[in-house]
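Within every chain, numbering begins at 1; the chains are lettered A, B, ... in the order of the sequence lines, protein sequences first and strands thereafter.
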Amino acid sequence: MRIVIGEDSALFREGLARLLEDAGHDVVAKAVDAIELVSAVEAHAPDLAIVDIRMPPDRTDDGARAARRLRERSPELGIVLLSQHVETRHSVELVAQGHFGYLLKDRVFDVDDFLDALRRVAGGGSALDPEVVGTLLGATRKNDPLELLTPREREVLALMAEGRTNAGIATRLCLTDRTVETHVTSIMAKLGLHESAHEHRRVLAVLTWLGVRPGGGQRVV
Amino acid sequence: MVAVVTARWPSRLATVTAAGTVVMLAASAGLAALAPTRTTFLNLVLGLAIGLLSAVLGWQIGRRAPGNVVGAALAAVGFTVSCTVTREVAFQVLAERPELWDDAAPYVALVQEGAWWVLAAVALLLLHFPDGRLPSRRWRWVPPALAVSVAANQVYGAFDPAPFLPPLEDVPRPFGAPAWWAEVLGLAFFPMLALVLASAASLVVRFRRSDRVQRRQIKWLAMAGVGITSYPLLCLLEILVRGEPGWFSAAVGLVALAGIPVSVAIAVLRHDLIDIDRALASAVTWGLVSITLVVVYAVTAVTAGLWLGSDSAVAAAAATALCALALSPLRQRLQRLVDRRLYPQRRAAFEALNALHGEVSAGRSRPEELESVLRTALHDESLGVGYRVPGEDRFIDAAGREVDQTRGEPVLLSGNAIGLVAAGSDEISRELLRQVAERATALVEIVRLRIELAQALQEVEASRTRLVQIGFEERRRLEHDLHDGAQQRLVSLGMAIRLAQRHLDDGTVDIDALMDQSVAELGTAVAELRQIAHGIRPSTLDDGLPAALSRLVRGVPLEVDMEVDADTLPDDVATTAYFVISEALTNAVKHAEAQRIGLHVSRVDGHVVVRVTDDGRGGAALSDESGIADRVAALGGSLSVASPRGRGTVVEAEIPCAS
């Protein structure tokens, strides 16, 4: 993959670049602020942009705003936002269009999982940080249908919301693909959702069910 | 510039006339020595009381209001009175010397009707009062006509066949029967009387047309008029009690007469001496009360006398008791009636105040409406009611605007000015304002307390908001510091270690160097965390404030005289004191260009007093954003900054501290 990194901390930026190059990816540009990031993406047209949310010049949510601008110009560009802390605003808003991931920075420690998420996003899928999903699932609802799910099904639902494929879920939970499919069918039935082959659609459905309207802010959480 | 030339002749005329009065009175005194009778004595007293007083006051008016004819007119009254007195005394002397009668008869005849000149002088005074000008040009023929008719009357008096007045009724008439022309002159008496009455009426005309000041002046004269009318009443009362008029009514009558020149003088020279509206209203009230009492007394005494026999002590006692009973309610009722006619402003203001008191007590109105209520009652749209709020020298109105004090009268509460009532126009007298201020004390105090309370609440609210804001800002800063500092460093470190791990096999990693680098990074992260924690609460405070301050001062690149006498303080007090000192030191080092810093902490009467002084350039001010003042205020303390330009800065905080 051809990747552009937008990250102001030199230590993290160089480490991440080394990690990606070791994994066989091509880091075509390393931007240190939001403005440089946008021009680098336009110049190199990469498959994926990895963007720190908090970056100069304002050090607030410059990275997220740059991501939104990039998304408008190239709907097919994979974008992964990195953050130091959980916040659902940008993540849920951007996840609607697919090709999008939102992860905490320390997810890098699990290198393989991190690289897998990058691959998913570049391929048109989603990657939502487990912390974000946890927050969404943790929100209390009246007559919560989540109560109907078995603990295992809840685990599967969480991984679905993170944007993982059935195969990914199976690996993660050390189950067979067939078992995962059974769980997914059962979950969709219990929550009254329609099954979809496409993982991204599935994420959308789950998020919508969770009371989050992707692309239009949140109702619950 | 046009010079305003004031005519000098009225002043000179007044002086000359006054001097003439003194000469005439001296002459009458000399004559009186020749005929020391009771009548002579009475005449002399009258001459001195009215003649001399009028002359002296007329002369004074002439001196102090040189262009005003009133001075000369008043002196003329004095002169004519003194002439009449001299004539009377001379008649007394003549009455005892019949050998002189033949020679004196023509002169006696000539001055027989001379007393009318007194009336003419009074008429002239009334015509020109109070500004020395006639009411209008249409009146300009009155004074000469008056002089001509009085003179004609006097000439006729000389030929009048009737006997001379006592004591000269036996002196023969010198000129025999009057000729036809003298008879015609006698008719001048009627126009003369009409002209005098017209002159009196001119005052009414003038009053209608005049401005506030002139009205007040005319009221002064009316006041004297009330005094004069009381004389016959007192005579009547004395006749009722003793059977004949006595010295009391005579004295009052004399004082009332003397009151006329005094009123004129005050009206012209010092018309704002007292609130004449009020005085007049009171005088009229008391006059009416007296009349009513006399009537009640008379009726009771006569009726009771018919039953019990005249001279009955019981009748007198009954009459007295009835009068005493009637007195108080009668006076109050009359006062209200008279006020309504003569003193509408005062009455309106008092009624409005009473009504507002009632409405406020009943909870239907707010005391802040005081100003608008008084504006309506006194017809003064720019009237202002100001309140004094502690810590302020000026007076502010209910909306917080400053009130102009120029025409203000203070509202006093146990000797302290708690507010003021200020008139917008000079239509309202000082005296009336004083009375309104006095009656409004309770309302003003209520409003003042309410303003004070509102201000205090507002300040508390603002302080609380600032504290919350500051708390929020601090949290944000902490969050930033944590995310951008220690956390970032730890994440990077984790990634570096993971990366190294992945390269362990290919031998490209120097484990030793990696460990060194990692431990160094960890050390930095720990230091950053410690610094952040210190910002939340300086951990050096664990060893007490003095120790923490010693550590703090060590980092200050200036000479610091430290004197700290506060060992065991509650944690919140110590922390707040620490932040005050830290902020003051920072300011002294960064901005004040100071050479030397003084740092004193002491305990005084359950307070910790923190004082940081420097010898820098001053001009520092307390900013709201610092939050220090709010922190101190939150503990019930106070913070002050004195920083005159060029003379250093003193930051002082007093924090209550129970232990």
Side-chain angles (χ1 to χ4, degrees), chain A residues 3 5-25 27 30 32-34 50-64 80-87 89-90 103-118 129 131, chain B residues 468-536 625:
Chain A
I3 299 175
I5 300 176
E7 165 66 62
D8 59 313
S9 156
L11 208 58
F12 191 84
R13 185 175 63 239
E14 297 308 325
L16 184 61
R18 177 94 188 273
L19 200 78
L20 293 172
E21 276 160 2
D22 282 353
H25 298 300
V27 177
K30 292 179 272 190
V32 299
D33 62 41
I50 301 175
V51 181
D52 186 7
I53 283 193
R54 189 181 288 172
M55 267 203 296
D58 293 345
R59 292 193 166 278
T60 54
D61 57 352
D62 305 63
V80 174
L81 278 181
L82 293 184
S83 173
Q84 289 284 15
H85 58 105
V86 175
E87 57 111 295
R89 186 156 50 107
H90 301 297
L103 297 171
L104 291 181
K105 277 188 177 173
D106 40 325
R107 297 299 164 216
V108 185
F109 296 169
D110 189 343
V111 179
D112 294 330
D113 205 42
F114 180 69
L115 292 174
D116 179 52
L118 297 188
D129 195 272
E131 289 267 350
Chain B
V468 170
Q469 206 89 41
I470 287 157
F472 176 71
E473 283 299 323
E474 276 177 358
R475 270 162 217 267
R476 241 169 67 105
R477 194 170 47 75
L478 280 175
E479 186 250 9
H480 269 246
D481 288 354
L482 285 171
H483 281 150
D484 294 349
Q487 194 182 359
Q488 183 96 328
R489 217 168 278 286
L490 291 173
V491 168
S492 305
L493 189 59
M495 194 169 58
I497 294 173
R498 188 60 93 197
L499 202 59
Q501 185 190 30
R502 290 169 79 89
H503 287 277
L504 276 179
D505 298 340
D506 57 22
T508 55
V509 178
D510 180 351
I511 297 290
D512 245 13
L514 177 74
M515 287 298 157
D516 280 347
Q517 201 189 339
S518 303
V519 171
E521 279 293 301
L522 279 174
T524 315
V526 169
E528 278 173 358
L529 287 173
R530 192 188 302 121
Q531 218 165 11
I532 289 166
H534 187 78
I536 300 170
E625 290 93 66

J.: Counting only heavy atoms not in B/E528, do more than 12 sit closer than 6.0 Å to its CD atom?
T.: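 For B/E528, atom CD is crowded (more than 12 foreign heavy atoms under 6.0 Å).
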J.: Work out which heavy atom in B/A486 is nearest to a heavy atom in B/A525; give both atom names and the distance.
T.: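 The answer is CB-O, 4.1 Å.
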J.: Between A/L16 and chain B, with a heavy-atom cut-off of 4.5 Å, which part of the residue counts as in contact: side chain, backbone, both or neither?
T.: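 Contact with chain B involves both backbone and side-chain atoms of A/L16.
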J.: Quick one: which of B/E521, B/R498, B/Q501 has the most heavy-atom pairs under 4.5 Å with chain A, could you say?
T.: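 When all of B/E521, B/R498, B/Q501 are compared, B/R498 has the most.
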J.: At a 4.5 Å cut-off on heavy atoms, which part of B/H503 comes close to chain A: side chain, backbone, both, or neither?
T.: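 Only the side chain of B/H503 comes within 4.5 Å of chain A.
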J.: Report the residue from A/K30, A/R13, A/R59 that forms a salt bridge (Lys or Arg N to Asp or Glu O under 4.0 Å) with A/D8.
T.: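 Testing each of A/K30, A/R13, A/R59 against A/D8, the sole residue satisfying salt bridge (Lys or Arg N to Asp or Glu O under 4.0 Å) is A/R59.
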J.: Does CD belonging to B/E474 count more than 12 external heavy atoms closer than 6.0 Å?
T.: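 Correct, the count exceeds 12.
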J.: Against chain A, label B/I497 side chain, backbone, both or neither, depending on which of its atoms sit under 4.5 Å from a heavy atom there.
T.: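 Neither part.
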